[in-house]
Amino acid sequence: MEHIRTTKVEQVRLLDRFSTSNKSLTGTLYLTATHLLFIDSHQKETWILHHHIAAVEKLALTTSGCPLVIQCKNFRIVHFVVPRERDCHDVYNSLLQLSKQAKYEDLYAFSYNPKQNESERLRGWQLIDLAEEYKRMGLPNSNWQLSDTNRDYKICETYPRELYVPRIASKPIIVGSSKFRSKGRFPVLSYYHQAKEAAICRCSQPLSGFSARCLEDEHLLQAISKANPVNRYMYVMDTRPRLNAMANRAAGKGYENEDNYSNIRFQFVGIENIHVMRSSLQKLLEVNGTKGLSVNDFYSGLESSGWLRHVKAVMDAAIFLARAIVVESASVLVHCSDGWDRTSQVCSLGSLLLDPYYRTVRGFLVLIEKDWISFGHKFSERCGHLDGDPKEVSPVFTQFLECVWHLTEQFPQAFEFNEAFLLQIHEHIHSCQFGNFIGNCQKEREELKLKEKTYSLWPFLLDNQRQYLNPLYSPRAQTGAALEPNTVSFNFKFWRNMYHQFDRTLHPRQSVLNIIMNMNEQSRQLEKDLQDLECQINKQRENKQTDGVLTKELLNSVRPESPTLKTSLCFKEQTLMPVNDALRTIEGSSPADNRYSPADNRYSPADNRYSEYAEELSKPEPAMVSLEYGVARMTC
Amino acid sequence: MEFSELIRTGQAQAELLRGPEVPPLRGTLCVTGHHLLLSPGAQATPDLWLLLLRSVDSIEKRVAGDSGTITLRCKDLRVLQLDIEGVEATMDIARSIEALSSLESVITSFPFFYRPKSLRLGDAWHCHPPESYYKRVARETNAWRLSEANEDFNLCPSYPRAVIVPRAVNDDVLARSARFRQGGRFPVLSYYHAPSGTALLRSSQPLTGPQKRRCAEDEELLRAVLAGARPGARGFIVDTRSVQAAKQARMTGGGTESKAAYLGWKRLHRPLERGRPLQESFVRLVEACGDLEQSMDRWLSRLEGCRWLSHVKETLSTACLAQMQPSNGGACILVHGTEGTDSTLLVTSLAQIILDPLSRTMAGFQELIEREWIQAGHPFQLRCAHSAFSHTRPKHEAPTFLLFLDCVWQLSRQFPLSLEFGEGMLLALFDHAYASPFGTFLCNSEKERCLCEVRTRTHSLWSGLNQPKEQRKLRNPLYVPNPSAIWPSVEPQSLRLWQGLFLRWTRPPEPSEVAWEKVWQIVTDQEKAEGSPPTVSASESQP
């Protein structure tokens, strides 16, 4: 609180990022302990969580005021003009302080209270249980067992306590192997494919240098391949580009030497490191943020950023992994350098391709919990939760979500969840509103007592499941077969709904998803009505013998619902599902915001640069805008 | 039959490959006057495979040993491969296909022989777009009249018999103005925007020439347009060429309206690509789409390099500009380029889809294409003679109509509920514009169609498309009438490559098609459920 120098600034203008006309909204800016709030003259509220702020910039003073540009981690960019420089300076300094916390305890999650009682909160944390998940995979079995070697985080601090390893791997072998692996991250099971009896295992790079060997490590790998009764050889996927892996050898790290390990097939898959990914996305965002971007600049920017190429590389690696298991029934060991970025991407995407369970709402959360949270993807460092080393920040998880989005585009019926679900999860890895993504590994999370002091995101997502459902999902078609995505270049598209989430003018003005969801909802409702009515009639028939008068009134008492449904169908665009109202966004605002009122929202074609002649000629926007991506403020 | 001399061989044994997704087909190959037939043996399930020869864009033959391979690239961008037994047979079949697919004569083309059982000749030819559109206009205003000055196609060979012109000008003025405009295309009404009382007109360039000639009647005509509109309305002339190009046109007798001569009219230049560069852009895009092995960078740089999406963006922006003025109670618009048969029509027809809810219905869209493209004299025969695969140097080919369809597709993506027709309709129009058993897209103008008796001797595409069995493919199941204008976003991030067309044959089709089927199912379920409660209430009186 001590950072807030001014809590309210009036007459602030909010500029549209993609408008060439100098139209703007005027309103009041409020600074709270957790949010920046802008209320414009139409009472529309824009909420920005301090933790979402990636950068604040104060531009040179202009005649109309002092411009303040705020870039958010969820790719929102707001451009305010504050009339007095003094105020702007205060807001700027406050935001600088507020957006960068030094201690975990200052994060929003530790003060956020969604009005749940203690037992509800505890149940929330127990909602997703990885022990259950391993049971679902069919573990333990005759070849794989739970190892207690890391129960006290003694061997590897960044791994979870519970790890599955081959039954024949003894404790000394495990301990020996862990000493030969970077950060002690020895090979453990990530996913077990019951039908093929093959496993996806993960680890970090071996400390092989130019010639070092470790017999225990060799034994452990052999134990993994022996744990697969179908296929004797196993794949070892190094997800790095060959050159990077070779360079690591000079630092005493490196990759497995095929001569030392029996029965392995070694393979590089060439995914670039976190620094390359960070600057790639940076470049992409720079290109997209340009005003008056031409088609050619857009595509050459897309090309030179290399972002889609990287996404394709991750996807190709996951496909390689899935094929090894499906086609050859071979187990696969995946690693990169430390085994928490690219390895998490490839293992989780591979599992997603193999197992339809992970394509359900709940299953996807389990997958994130398992391959990302429990195996120590460093969320706090990668998302820059605290004021730390900017070189550790990287959009690795965002990239994973983008891969999943590409899969949902290619397989519209294979996923139980929709795009909004992915966007919502992305929102919360940065929001620090819930405890799930705080910290860098399980040990750290336990030390922070997150389960006692914060809430879990999962129950909130599951409770609001209905709005994250894909209406085209068909679970029956999903049994067994793995997804086989086609990674031909033109299947990769720019994910506008992620990187331009908040740039409303760029999106389709009508959403098919909403309509279909509404229709599904309505037919369900109508079917229920129908059943109710039939029920009533049957009852009436029984009653009729005794008393025949009531029939009509009773029926009428049920009927009135139908006409309302009927009208709501006629105005599909305006009316969204009631659930959408309940759940508002950080972008915030009253439910009325969903019903785009043509009266107060004058949309100028000039926004799209039809012409410079059009300045004064604006026109009401078509009465339907249904973009409600964003984050739930839940019930705070 | 006169084709017999072109058919060198009756038949041969062959195997047909239709891409990686479809199993090959073996059987007897046979060339007829208009088709390529493949008849698999008696026991095979699909009894006959048929290809209209007219839809072959390029043909490539290769012989090896005692068999040959013919690669057919079709105008709908499909690539087919035929493996034929016998070198002689291969050469003969290739030569026959080559000769028959490039016949220039209209009256020997397939539409003149196509007699499907389910259709009656003359159906759907009864619609007369300018006349029926005039009825709509006349209900709103008295400022326009239907002129039959072009009854004999004397004033303008590429206009229909009837055109809509300001009531205040008589036919003599029209005749004078026609002489002052290239190809006789004097300004006529394209769309009347009733809410603002303003109009969208189109014409060709004025023949000002190097001496900057003027034509009093032409000026009078445009003055009458403003006088008939809302009082105080201004006029804008949208020239679809750059200032430079418009100036250069003066050297060859053309030019553009001078400010001084046309009071109240302001000129804007919005250069749109046309002709050969547009065709080349199309060819390069299709080339890029055919390469499945290329890296991401190569693909993106080719997508950029072909500039197709830039053309889409420019076209949509110009259309928005052209219709923005009338919709804002502002001004009348006259659109023209050089000949007024290509980019002009592109702009005026798109503007109407954006502005006019009626033209977004199935019937309205067909009427729009009939009125603004076919009757308005877009030279389909010249422009669509070849598609993207042809090796011959393009002369008059240009994918203007395809660009229009692509823009409509972009609109349909941004407003998925506002168009009554779906992607299937746009694909069908693309296919039929380039090669069709129907007569609708034949010839270059109404005059030529009259000479060839297209109306009486061929079937109309609209009657073919409006058959009930076609509807599920063509309609948008989610359509809800939307009374407002649909302004698209033209930012590059909002525009997409039309994969359904450019990658129609290269990508595996199932997931999206299955999804579409599911959408239909949800919609029908929902409608069924909607319909059910009344049946229950009807049974109320029963017990």
Side-chain angles (χ1 to χ4, degrees), chain A residues 18 288 293-296 298-300 302-303 308-309 312 410-413 471-472 474 486 488-490 492-494 496 500 505-506 508-510 512 515-516 519-520 522-523 526-527 529-530 533-534 537 540-541 544 551 555 559 562 572-573 603 605 608-611 613-614 617 619 622-623, chain B residues 268 289 292 294-301 303-304 307 309-310 313 317 320-321 324-325 327-328 330 413-418 478 480 482 484-487 489-497 499 503 507-508 511-512 514-515 518-519 522-523 525-526 529-530 532-533 536-537 539-540 543:
Chain A
F18 284 98
N288 293 330
L293 186 66
S294 78
V295 175
N296 278 11
F298 174 63
Y299 281 103
S300 67
L302 202 56
E303 183 200 337
L308 288 180
R309 190 180 64 217
K312 178 173 149 59
Q410 252 191 67
F411 302 97
Q413 295 196 277
L472 300 178
S474 101
N486 185 341
V488 88
S489 299
F490 29 68
F492 292 88
K493 288 169 278 188
F494 171 70
R496 187 185 54 219
H500 287 296
T505 51
L506 298 187
R509 304 300 149 81
Q510 298 172 318
V512 172
I515 292 312
I516 299 179
M519 284 179 167
N520 259 344
Q522 283 177 358
S523 33
L526 285 162
E527 262 159 37
D529 285 358
L530 184 65
L533 287 162
E534 273 167 355
I537 286 170
Q540 286 297 306
R541 281 203 185 116
K544 202 166 179 181
T551 321
L555 269 171
R559 285 286 295 162
S562 302
K572 282 169 192 162
E573 291 96 340
Y603 165 76
N608 291 323
R609 251 160 284 107
Y610 298 139
S611 85
Y613 313 101
L617 307 162
K619 163 173 196 316
Chain B
L268 312 173
C289 289
L292 297 173
Q294 63 201 330
S295 71
M296 184 67 71
D297 291 357
R298 176 104 181 95
W299 160 246
L300 290 173
S301 87
L303 192 58
E304 176 207 340
R307 299 185 54 83
L309 284 169
S310 305
K313 178 183 154 96
S317 335
C320 288
L321 167 69
M324 192 173 54
Q325 316 281 0
S327 76
N328 283 294
R413 268 183 42 89
Q414 296 194 21
F415 298 88
L417 315 179
S418 300
L478 299 173
V480 182
N482 173 3
S484 356
I486 53 172
W487 303 103
S489 159
V490 296
E491 296 293 342
Q493 292 98 318
S494 309
L495 302 176
R496 279 264 157 96
L497 175 72
Q499 296 211 346
L503 300 171
R507 61 164 192 189
S512 56
V514 175
K518 174 100 183 182
V519 172
I522 290 171
V523 173
D525 277 3
Q526 199 255 2
E530 272 241 294
S532 325
V536 178
S537 57
S539 69
E540 155 196 8

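What you see is a predicted model, and the numbers here were worked out from it, not measured in a lab. Per chain, numbering begins at 1; letters A, B, ... match sequence-line order.
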How close do B/Ser301 and A/Glu303 get, counting heavy atoms only, and between which atoms? CB-OE1, 3.0 Å

Can you name the closest pair of heavy atoms from A/Ser489 and B/Met296 and give their distance? OG-N, 3.3 Å

Taking the side chain as C-beta and beyond, is there a heavy-atom pair between A/Leu293 and B/Gln493 under 4.5 Å? yes

Starting at NE2 of A/His500, measure out to OG of B/Ser494 and round the result to the nearest 0.5 Å. 8.0 Å

Closest non-hydrogen atoms of A/Phe490 and B/Gln294, given as atom of the first, atom of the second and distance, are CE2-NE2, 4.2 Å

I'd like to know if the side chain of B/Ser310 and the backbone of A/Val295 have a donor-acceptor N/O pair within less than 3.5 Å. no

If I compare all heavy atoms of A/Tyr299 with all of B/Leu495, which pair ends up nearest, and what's the gap? OH-O, 4.2 Å

Please report the interatomic distance CZ(A/Arg496) to OG(B/Ser489), rounded to the nearest 0.5 Å. 7.5 Å

By a 4.5 Å heavy-atom criterion (distance strictly below it), what part of A/Ser294 contacts chain B: side chain, backbone, both, or neither? backbone

Against chain A, label B/Leu303 side chain, backbone, both or neither, depending on which of its atoms sit under 4.5 Å from a heavy atom there. side chain

